[in-house]
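As the structure is a computational prediction, the values presented were derived from the model and not from experiment.
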Amino acid sequence: MVEYRAHRDNPFYDEGESSLDRSFRLMNSSHIEIMQDFGGGGYNMFGGYGRITRAAKAVAAAEETGNNISRILSSVDEFDPLVTLYRGTGGSEVGSEFLFLTDNIEYATSCIKNGETINQYQISRYGLYILEHTQKLSINPHGQHVGIVGTFSEYLFTGKDVVNALNKIAVPHVPYKIK
């Protein structure tokens with residue numbers, strides 16, 4: 001086996017080998033090396049297969065126990081950062097089946113009606129991933145609005161249970177003031 005690996009991983013031409021033979025031999029060697037890397041523990045953690053397994057377990061648990069949306073929205077550990085989203089309130093948040101949020105505070109400010117405020121939502125990135133893959137969230141990463149420079153993401157949450165859970169975690173946004 002050692003002799004085979006030495007032949008396979010040799011970067012130089014072997015005796016009687018054409019350039020095409022050498023290319024395919026080295027591609028095979030690289031492929032095997034990559035497969036060994038993916039089989040290692042680092043890939044199977046939170047960024048790779050482990051994330052998918054974790055997502056599947058969370059979806060199954062949510063379906064099993066009913067409404068666990070608020071648990072999905074909160075951060076599960078230090079590897080799951082919180083995402084801050086905003087909404088300019090206008091009175092249509094309660095009782096609706098849809099809720100639009102954005103990651104751009106200027107856009108949220110432009111949506112304020114009747115002297116209301118801006119609500120801030122701290123949602124786990126993992127929770128967003130789960131909701132998107134269970135079709136309770138759709139994300140438009142290229143939102144645009146007249147008068148606002150650049151693009152931003154718009155988040156459309158669907159379902160009364162999701163909207164109610166989000167309304168429970170909403171807090172008024174307090175702007176940071178420099179003294």
Checklist outcome for this item: All heavy atoms of R87 vs all of L101, minimum pair found to be CB-CD2, 3.5 Å

Checklist entry - Should we say atom CZ of F100 is surrounded by more than 12 heavy atoms from elsewhere, each under 6.0 Å from it? => result no

Next on the checklist: Whether the side chain of T102 engages the backbone of S153 through a donor-acceptor N/O pair (distance < 3.5 Å, no angle test) should be reported.
Outcome noted: yes

Item to check | Where S124 and D80 come nearest, the two heavy atoms and their spacing | outcome: CB-OD2, 3.1 Å

Next on the checklist: Do Y126 and V83 make a side-chain contact, defined as non-hydrogen atoms from C-beta onward lying under 4.5 Å apart?
Outcome noted: no

Checklist entry - Is Y86 reachable from L82 through a run of I, L, V, M, F, W or Y residues, each pair having side-chain heavy atoms under 4.5 Å apart? => result no

Item to check | Heavy-atom closest contact (K136 atom, D161 atom, distance) | outcome: NZ-OD2, 3.4 Å

Checklist entry - Quick check: does any side chain N or O of N28 sit under 3.5 Å from a backbone N or O of F24, one acting as donor and the other as acceptor? => result no

Checklist entry - Within the side chain of N104, is there an N or O that forms a donor-acceptor pair under 3.5 Å with the backbone of Y107? => result yes

Item to check | Qualifying residue, where the test is side chain to side chain contact (heavy atoms under 4.5 Å, CB included) with L137 and the options are L128, I130, V162 | outcome: L128

Next on the checklist: So I139 and E132, do their side chains get closer than 4.5 Å, heavy atoms only?
Outcome noted: yes

Checklist entry - Which atom pair, heavy atoms only, marks the closest approach of T84 to Q120? => result CG2-CG, 3.6 Å

Checklist entry - Below 4.5 Å, heavy atoms only, C-beta onward: do I105 and I118 meet side chain to side chain? => result yes

Next on the checklist: Just verifying a value: how many Å separate S138 OG and Y155 OH, rounded to the nearest 0.5 Å?
Outcome noted: 11.5 Å

Checklist entry - When hydrophobic residues are tied together by side-chain contacts of less than 4.5 Å, even through go-betweens, does M27 share a cluster with L20? => result yes

Checklist entry - If we only count heavy atoms from C-beta on, is the I169 to L73 side-chain gap below 4.5 Å? => result yes

Checklist entry - If you group Ile, Leu, Val, Met, Phe, Trp and Tyr by side-chain heavy-atom gaps below 4.5 Å, do Y13 and L26 land in one group? => result no

Checklist outcome for this item: Closest non-hydrogen atoms of L166 and Y121, given as atom of the first, atom of the second and distance, are O-CE2, 3.3 Å

Checklist entry - Quick one: does N167's side chain get under 4.5 Å of N119's, heavy atoms only? => result no

Item to check | pair V163-F98: side-chain heavy atoms closer than 4.5 Å | outcome: no

Next on the checklist: Can you classify the ring geometry of Y129 versus H133 as parallel (below 30°), tilted (30 to 60°) or perpendicular (above 60°)?
Outcome noted: tilted

Checklist entry - Which heavy atom in D21 sits nearest to a heavy atom in E17, and how many Å separate them? => result CB-CG, 3.4 Å

